[in-house]
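The block underneath contains the structure these notes are about, expressed in structure tokens.
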Amino acid sequence: MALDRYEQKGLLFNTNFLEKVGSDLLGYRGELVIIEGEVADDKGRTKPPVALIRHAILLDKNDKLVFVVGILDKLELLSTFIEKYKLDFADDIRVLLYVVNITEPMQLEMEGINFILIPLTEGVAWNELVDELCMEKSDFKGQSPAEKIVTAYDEFKAYAPKYPSVELDYAMSKTADIKWQTHGAV
């Protein structure tokens, strides 16, 4: 499975879970590395990732990614993400990325894939996804964490957002110097 390879290569970071569903599905929640940290010492230890998809929600079916949801800090990282992982994309992959530095929701086609991009400066990708799909807690009652991803994916297949389809140049013109909002103890 693609996710098993990512785990072996250290591309899964701050893993919440990596769990099988049946014989052909593997669900993951955590973070997905886009740009690895450099080697920190002569023992091969690395610094933290330079860029990643936060709160990543991934579904791997028969060694191909069929569902990707998460938070991307900058729209500029989308092409790096595609370049790094596109060989593992299923032909019918579904992708929704919350992007911190965009100012309006949109759809963007790259490499034959429709990327749904929604601005977000704080929150949790899973909660935002559930809200976007108008799902309720009861839709997931009694399910394992990975089964919940499958349920959301099944709902997402029928999801048809009304966000405008734009070209990359237009999408890039809708970026701003916006940072992720972190809140902690005062």
Side-chain angles (χ1 to χ4, degrees), residues 1-36 46 49 51-73 75 77-99 106-118 120 124-161 163 165 168:
M1 294 274 205
L3 291 173
D4 288 329
R5 288 194 314 276
Y6 301 166
E7 184 177 40
Q8 292 166 1
K9 292 179 180 178
L11 297 173
L12 302 181
F13 192 71
N14 291 335
T15 299
N16 291 334
F17 67 83
L18 179 62
E19 178 183 295
K20 284 191 95 120
V21 179
S23 62
D24 62 346
L25 293 170
L26 189 60
Y28 171 77
R29 280 187 59 189
E31 296 176 329
L32 180 66
V33 175
I34 298 174
I35 302 172
E36 294 96 333
T46 60
L52 41 76
I53 293 180
R54 284 190 249 203
H55 304 193
I57 302 161
L58 308 174
L59 189 61
D60 179 334
K61 181 176 183 178
N62 295 323
D63 203 33
K64 293 290 183 184
L65 294 176
V66 294
F67 192 41
V68 176
V69 177
I71 300 170
L72 199 59
D73 284 329
L75 182 60
L77 292 169
L78 181 59
S79 59
T80 307
F81 164 67
I82 294 168
E83 184 178 315
K84 186 173 194 80
Y85 293 102
K86 71 180 172 184
L87 294 178
D88 294 326
F89 291 170
D91 293 339
D92 60 348
I93 188 171
R94 303 279 197 256
V95 182
L96 186 152
L97 293 172
Y98 296 97
V99 184
M106 61 189 81
Q107 297 182 71
L108 174 64
E109 187 171 317
M110 292 179 68
E111 300 281 334
I113 299 162
N114 185 53
F115 291 89
I116 299 166
L117 308 172
I118 301 174
L120 183 71
V124 177
W126 176 258
N127 296 344
E128 298 296 327
L129 172 67
V130 169
D131 286 349
E132 187 73 17
L133 297 176
C134 300
M135 297 180 79
E136 303 290 332
K137 284 184 177 183
S138 61
D139 295 325
F140 306 104
K141 189 171 181 158
Q143 295 181 346
S144 74
E147 288 171 335
K148 291 177 183 180
I149 294 174
V150 173
T151 299
Y153 168 65
D154 288 341
E155 185 71 24
F156 195 85
K157 287 189 270 186
Y159 172 67
Y163 305 132
S165 294
L168 182 58

Test item: side-chain donor near acceptor, Tyr28 and Glu7, under 3.5 Å: no
Run His55 and Tyr98 through side chain to side chain contact (heavy atoms under 4.5 Å, CB included) and show every step you take. CA-CA 10 Å; His55 304 193; Tyr98 296 97; over 6 Å; no
Verify, without hydrogens or angle tests, whether Gln107 (side chain) and Tyr163 (backbone) share a donor-acceptor contact under 3.5 angstrom. yes
Would you find a donor on one side and an acceptor on the other, under 3.5 Å apart, between the side chain of Glu31 and the backbone of Leu52? no
Is it true that Lys64 and Asp91 have a side-chain N and a carboxylate O under 4.0 angstrom from each other? no
For the student: nearest non-hydrogen atoms of Arg29 and Ile149, plus distance: CG-CD1, 3.9 Å
Side chain to side chain contact (heavy atoms under 4.5 Å, CB included), that's the test. Do Arg5 and Asp63 meet it? Break it down for me. CA-CA 9 Å; Arg5 288 194 314 276; Asp63 203 33; 2.6 Å; yes
For Glu136, is there any backbone N or O sitting under 3.5 Å from a side-chain donor or acceptor partner on Asp139? yes
Does the ring centre of Tyr85 sit less than 6.0 Å away from the ring centre of Phe89? no
Under a 3.5 Å cutoff, is there a donor and acceptor pairing between the side chains of Thr46 and Glu36? no
Is it the case that Asp60 and Tyr6 place a side-chain donor and acceptor less than 3.5 Å from each other? no
Sole residue of Ile71, Leu129, Leu96 in side-chain contact (heavy atoms from CB on, under 4.5 Å) with Ile118: Leu96
If you count heavy atoms of other groups shown closer than 6.0 angstrom to CD of Gln143, is the number above 12? yes
Run the side chain to side chain contact (heavy atoms under 4.5 Å, CB included) test on Leu3 and Leu65 for me, step by step, so that the C-alpha distance in whole Å, both residues' side-chain angles and the decisive distance to 0.1 Å come before the verdict. CA-CA 8 Å; Leu3 291 173; Leu65 294 176; 4.2 Å; yes
